[in-house]
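Hydrogens, waters and symmetry mates play no part in the numbers below; they use all other heavy atoms, side chains included. Below, chains carry the letters A, B, ... as their sequence lines are ordered, and counting in each starts from 1.
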Number of protein chains: 2
Amino acid sequence: MKTNKTRLLLVEDEDSLGYLLSEYLGMKGFMVKWVKDGEEALAEIGQSTFDLAILDVMMPKMDGFALAERIRLNAVDLPFLFLTARSLKVDVLKGFSLGAVDYLKKPIDEEELVARINAILSRLVPKDLGASGTSFRIGRYELDGKNQKLIFNNDYRTLTTRETELLKILASNKNNLCTHKNILLQLWGDNDYFNRKSLNVFITRLRNYLKADDTIKIENVHGKGFILRVKE
Amino acid sequence: MKTNKTRLLLVEDEDSLGYLLSEYLGMKGFMVKWVKDGEEALAEIGQSTFDLAILDVMMPKMDGFALAERIRLNAVDLPFLFLTARSLKVDVLKGFSLGAVDYLKKPIDEEELVARINAILSRLVPKDLGASGTSFRIGRYELDGKNQKLIFNNDYRTLTTRETELLKILASNKNNLCTHKNILLQLWGDNDYFNRKSLNVFITRLRNYLKADDTIKIENVHGKGFILRVKE
DNA sequence: ACCCGTCTTAATCTTTCATTAATCTTTTTG
DNA sequence: CAAAAAGATTAATGAAAGATTAAGACGGGT
């Protein structure tokens, strides 16, 4: 269920800081999802939409910078800011060059963090309720979720609502299986024989729309679901 | 005539820092106007338009905070950021509560400043407002919102209030979806079956008025709303 | 009271889109 | 390898949304 609260994604491996911030931000009226590494973060981004991501730079497995790059690929217009103990100038510049909207040095003052988050959000284009606009890069295509446009080579095609929603699900789980069940529950809220048939029709249509770039395809996993595969 | 350079207003009483920054920013391709106090700053704002103001907090006569308040009164949507040696938490919060887009603590690193300026500018809501704030360019047409005139080729047509308001909404969200709901709430304050029908009638009328330029059109997104599309 | 310009309502026609159906192809499994 | 299940593809259908045109209502100004 959607609320009109601002949704924040906090990616912080340290337990103490992560807990402190998620509690504090929650108390300040934000909806906070706290995850502890980049993989989880990407999974979350695939599943739901956020207004802003807060990324720790120093993390095991995938650092904040690498994560930011992946975010740019998956959810083109999700703004993000960095938290870091590393205040080396070169890092600050790298952060901004990746498209960060802010770069905060630890120790973090929670009140200042809230002030900065609000400053950032107030500068964002006000989003229509319900139509939270996320864009996705899909090979040489770009999906403009807000305007329901599939852009290719300076040209575009307007998608229907269902087509858009389906492609958004696939694109946000790029190279990962989306089960029938999951898709059907998200799009139809139900999972029966007929919806399943309907899904097939939409898959065919999307394949058709996407055929100009042969580095991407929608694969079927028999009896399981679909994968939007993109060769990098 | 306007240039396409970003125009910065730097308000800094210290000679050495002011000189350093204005030189550096100028070198980086910005158009910089450096003034040394709030009075001068307000005079400049009255005379020309800026994209961003950079305010020192500690200044004689009028401090940065007071200046920011005056700026909000004069040029409502001029974004500003603070430079300051005072990094007291209460000051930082005050800065943001005044509407600052950023708050930088001295010593300033010039490269970081540039990175932050660019981050801010890239996140600004692109406003298609003309000089007056009520004038819009729509392909080869021009909408004079104040006088409710739609100008084309030295000729014009007077629009009704509703027509003007609707076209203003569409024009200020050029190439972006305006949902039914949004439009209806803005124009009718309500969203029911009949208003929706009424909206269709106005859309038809606007399409008719705008048909002389085929690089623009009002697109429908089924079940969602309308987009004023302008080919570049 | 009566225009006149403006907005709303109504009536009618057109288009769009999700669904269903029908048919063909591929994959799995015994 | 053959039958059954799952998937792919194309086309048909009907309901809802949108477009268009015309007629009615409303309100300010003279």
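Atom CD1 in B:I183 sits roughly 16 Å away from atom P in D:dA17 (whole-Å rounding). Note: CG (A:L206) to C1' (D:dA8) measures 14 Å, nearest angstrom. Counting to the nearest Å, the P atom of D:dG18 and the CD1 atom of B:I227 are 13 Å from each other. In this structure, NZ of B:K181 is placed 16 Å from P of D:dA17, rounded to the nearest angstrom. Atom pair A:F202:CZ and D:dG7:C1' shows a separation of 16 Å (rounding to whole Å applied). The nearest whole Å value for the distance from the NZ atom in A:K224 to the P atom in D:dG7 is 10 Å. Between B:F226 atom CZ and C:dT15 atom P there is a gap of 16 Å when expressed in whole angstrom units. The CD atom of A:E163 sits 13 Å away from the P atom of C:dT16 (whole-angstrom rounding).
Looking at residues two or more places apart in sequence or on another chain, you find no salt bridge (Lys or Arg N to Asp or Glu O under 4.0 Å) involving B:K94. Applying the side chain to side chain contact (heavy atoms under 4.5 Å, CB included) test to B:D192 and every residue at least two apart in sequence or in another chain returns B:D190, B:F194, B:N195. Residues passing the salt bridge (Lys or Arg N to Asp or Glu O under 4.0 Å) test with A:R205 are A:E163, sequence neighbours excluded. When the salt bridge (Lys or Arg N to Asp or Glu O under 4.0 Å) test is applied to A:E111, the partners found at least two apart in sequence or on another chain are B:K89. Under the salt bridge (Lys or Arg N to Asp or Glu O under 4.0 Å) criterion, A:K181 pairs with no residue at all, not counting sequence neighbours. Listed by chain and residue number, B:T134, B:D144 satisfy the side chain to side chain contact (heavy atoms under 4.5 Å, CB included) test with B:K146 (two or more places apart in sequence, or in another chain).
A heavy-atom distance below 4.0 Å to DNA chain C is reached by these residues of residues 192-200 of chain A, ordered by number: A:F194, A:S198. Contacts between residues 214-222 of chain B and DNA chain D, defined by a heavy-atom separation below 4.0 Å, involve B:N220, B:H222, listed by number.
In plain terms, the two heavy atoms of A:V230 and A:N175 that are nearest each other are N-OD1, 2.9 Å. Among all heavy-atom pairs drawn from A:L67 and A:G38, the shortest one is CD1-O, 3.8 Å.
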Short heteroatom pairs, N/O only, protein and nucleotides 21-25 of chain D, under 3.5 Å:
none

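Residue pairs meeting the side chain to side chain donor-acceptor pair (under 3.5 Å) criterion with at least one partner in residues 217-229 of chain A, sequence neighbours excluded, are A:E219-A:R229. For the salt bridge (Lys or Arg N to Asp or Glu O under 4.0 Å) condition, the pairs that include at least one residue of residues 56-69 of chain A, sequence neighbours left out, are A:D37-A:K61, A:D56-A:K106.
From one end of the helix from C:dT8-D:dA23 to C:dG30-D:dC1 to the other, with five pairs defining each end axis, the axis direction shifts by 30° (rounded to 10°).
Applying the 4.0 Å criterion to OP1 and OP2 of D:dA6, one finds that A:H180 has every side-chain N and O outside that range. Neither OP1 nor OP2 of C:dG5 sits under 4.0 Å from any side-chain N or O of B:T160. Taking only side-chain nitrogens and oxygens, B:R162 never comes nearer than 4.0 Å to OP1 or OP2 of C:dT6. In this model, the phosphate group of C:dA18 is not approached by any side-chain N or O of A:W188 to a distance below 4.0 Å at OP1 or OP2.
At distances below 3.5 Å, not a single donor-acceptor pair connects side-chain atoms of A:W34 with backbone N or O atoms of A:V11.
Remark: B:R162 qualifies as a cation-pi partner of B:W188 under the 6.0 Å distance and 45° angle criteria applied to the six-membered ring.
Ring planes of B:F226 and B:H180: perpendicular class, angle over 60° (limits at 30 and 60°).
Side-chain contact, B:S135 with B:E142: a donor N or O sits under 3.5 Å from an acceptor N or O.
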